[in-house]
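These notes are about the structure you will find just below.
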Amino acid sequence: MEEPLRHKFMIPLEEQLPADPKRRSKLISLEEAGRIIASKRTLSLAGSHSADGAMALIRAAIRAGASGMTMIPPVTASIAADLPIAAKMLEKLYLSYVGFEYLGTAPAFRQAAKDRSLDIVEADEPFIILGTQAAAGGRPFAPVQYLYEAISAPALNPELKKVVDPFSGREVYAVPPLKSDVFIMHAQAADEYGNAQCWGGTGQERDKAKAADIVIVQADEIVGAEAITKDPARTTIPGLWVDYVVHAPYGAHPTFSSANYALDEEHLKRYLSMVREGQAQQYLDEFVFGLDHFEYLEKIGGLRKLTQLRRMLAA
């Protein structure tokens, strides 16, 4: 008889603990993390709009040749979703909102939608949040009552199904679990054991981490474990849930890093202009391929620009 499937967070703690109880560093290089991401099929992200994007990891995955992937983005995203589309990294996207707010539409996404070169699942905020929660809890689906009767989502999203509530006999909508192979998150600080602090965040981070097989955190700063234990309430994701940590100072650029540095509007405008003018490959060649992370930081303006972004947030 086959052993029943068990959700990873339902496995008894003593079975989860390593044979060697001594804590080990989870630090890996950015390029190694990029190769791990590129080897997977489904990627989920944290962040919001142009905030706290795990951009260093995304660029590393593109350099590692990531392709044919499905992305579960945060409920709102800008370049963290648009750049992978421009790089032909994605095959499928769960869409709530992809755009650049006051800077306009997302050009790579818009072109892919027009060309139908991307499988787009019309997923609103409740779909992404509830689907992630279902996967995080090991549930087969998340039931939704009434909401989808008022909008066109059922006609546009074939992954929304109707089921019968066994208690009332009424039909309700079922949102599928949005499980991912790998979840990536930008943190302002993390220790080498994976305890990560995102000083902004949207509340999606914990569910997305629990819904993923692998969790990779990039951090602006790697701090000592004592810095984390002094203020444990600020820890967004505990190290027990994290598989790998990457030191990526200014790794959210060109998005902003909460309470750390501002978004680089000038660079975002440059990206938008190049992609809208059909120069997506030129952008990738200039700012993604053939550069390591520190060469990228020099390319976008170096210490002068990075200091300016810090001062902008402090002003």
Side-chain angles (χ1 to χ4, degrees), residues 1-19 26 36-37 39-48 54 69-75 77 91-96 119 121-148 153-154 157-168 170-185 187 193-196 198 201-217 235-245:
M1 178 183 287
E2 274 189 37
E3 192 174 322
L5 290 173
R6 294 191 296 174
H7 187 263
K8 67 177 182 178
F9 289 101
M10 297 171 70
I11 298 172
L13 185 59
E14 61 271 16
E15 293 182 32
Q16 296 183 45
L17 293 173
K26 297 179 179 180
I36 292 169
I37 297 165
S39 71
K40 305 304 177 184
R41 296 291 297 171
T42 304
L43 170 68
S44 64
L45 309 179
S48 177
M69 297 191 78
T70 294
M71 177 181 282
I72 305 167
V75 294
E91 183 177 277
K92 179 177 178 180
L93 174 72
Y94 284 90
L95 172 68
S96 178
D119 181 7
V121 179
E122 295 282 352
D124 57 5
E125 292 187 23
F127 186 95
I128 289 177
I129 291 171
L130 293 173
T132 301
Q133 289 176 350
R139 301 193 298 273
F141 59 85
V144 180
Q145 189 171 228
Y146 304 130
L147 173 66
Y148 289 114
N157 184 346
E159 295 190 20
L160 267 176
K161 307 290 185 184
K162 276 191 170 182
V163 296
V164 175
D165 173 2
F167 299 102
S168 68
R170 292 193 299 267
E171 281 193 323
V172 296
Y173 283 96
V175 175
L178 297 180
K179 185 180 180 301
S180 63
D181 297 325
V182 58
F183 164 61
I184 61 176
M185 185 185 92
Y193 307 114
N195 298 292
C198 183
T202 62
Q204 300 174 67
E205 298 82 12
R206 286 177 174 256
D207 285 334
K208 287 205 165 185
K210 291 175 73 175
D213 289 334
I214 294 174
V215 175
I216 305 177
V217 171
T235 300
T236 308
I237 297 181
L240 181 65
W241 298 359
V242 176
D243 296 280
Y244 304 105
V245 181

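Residues F127 and L178 share a closest heavy-atom pair of O-CD1, 3.8 Å. When all heavy atoms of A211 and A136 are compared, the pair lying nearest together is CB-N, 3.8 Å. The shortest non-hydrogen separation linking G194 to V242 is O-CG2, 3.2 Å. The heavy-atom pair separating E159 from V121 by the smallest distance is OE2-CG2, 3.8 Å. Residues P143 and V172 approach most closely at CB-CG2, 4.3 Å, considering heavy atoms. Annotation for I72 and S180: closest pair CD1-CB, 4.4 Å, computed over non-hydrogen atoms.
Side-chain atoms of E205 come within 3.5 Å of backbone atoms of G203 as a donor-acceptor pair (strictly under, hydrogens ignored). Panel note: side chain K208, backbone S44; no donor-acceptor pair is recorded below 3.5 Å. Under a 3.5 Å cut-off, the side chain of R41 and the backbone N or O of T70 do not form any donor-acceptor pair.
Expressed to the nearest 0.5 Å, how far CG of L45 lies from CD1 of I184 amounts to 5.0 Å. Within the model, atoms CD1 of I216 and NZ of K40 stand 9.0 Å from one another, a figure rounded to the nearest 0.5 Å. Here the CG-CG distance, from L43 to L93, works out to 10.5 Å after rounding to the nearest 0.5 Å. E122 CD to L160 CG: the interatomic distance, rounded to the nearest 0.5 Å, is 11.0 Å. Interatomic distance, D119 CG to L95 CG, rounded to the nearest 0.5 Å: 11.5 Å. Within the model, atoms CG of D207 and CG of L130 stand 9.5 Å from one another, a figure rounded to the nearest 0.5 Å.
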Problem - Audit row: I37, M69, side chain to side chain contact (heavy atoms under 4.5 Å, CB included) steps and yes/no - result: CA-CA 10 Å; I37 297 165; M69 297 191 78; 4.3 Å; yes
Exercise for the section: Go through the steps for Q204 and F183 under the test side chain to side chain contact (heavy atoms under 4.5 Å, CB included), then give the verdict. Expected result: CA-CA 11 Å; Q204 300 174 67; F183 164 61; over 6 Å; no
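Aromatic ring pairs are classed by plane angle as parallel below 30°, tilted from 30° to 60° and perpendicular above 60°; the pair Y148 and Y173 is perpendicular.
When T132, D213, T42 are each tested for a side chain to side chain donor-acceptor pair (under 3.5 Å) with K179, only one passes: D213.
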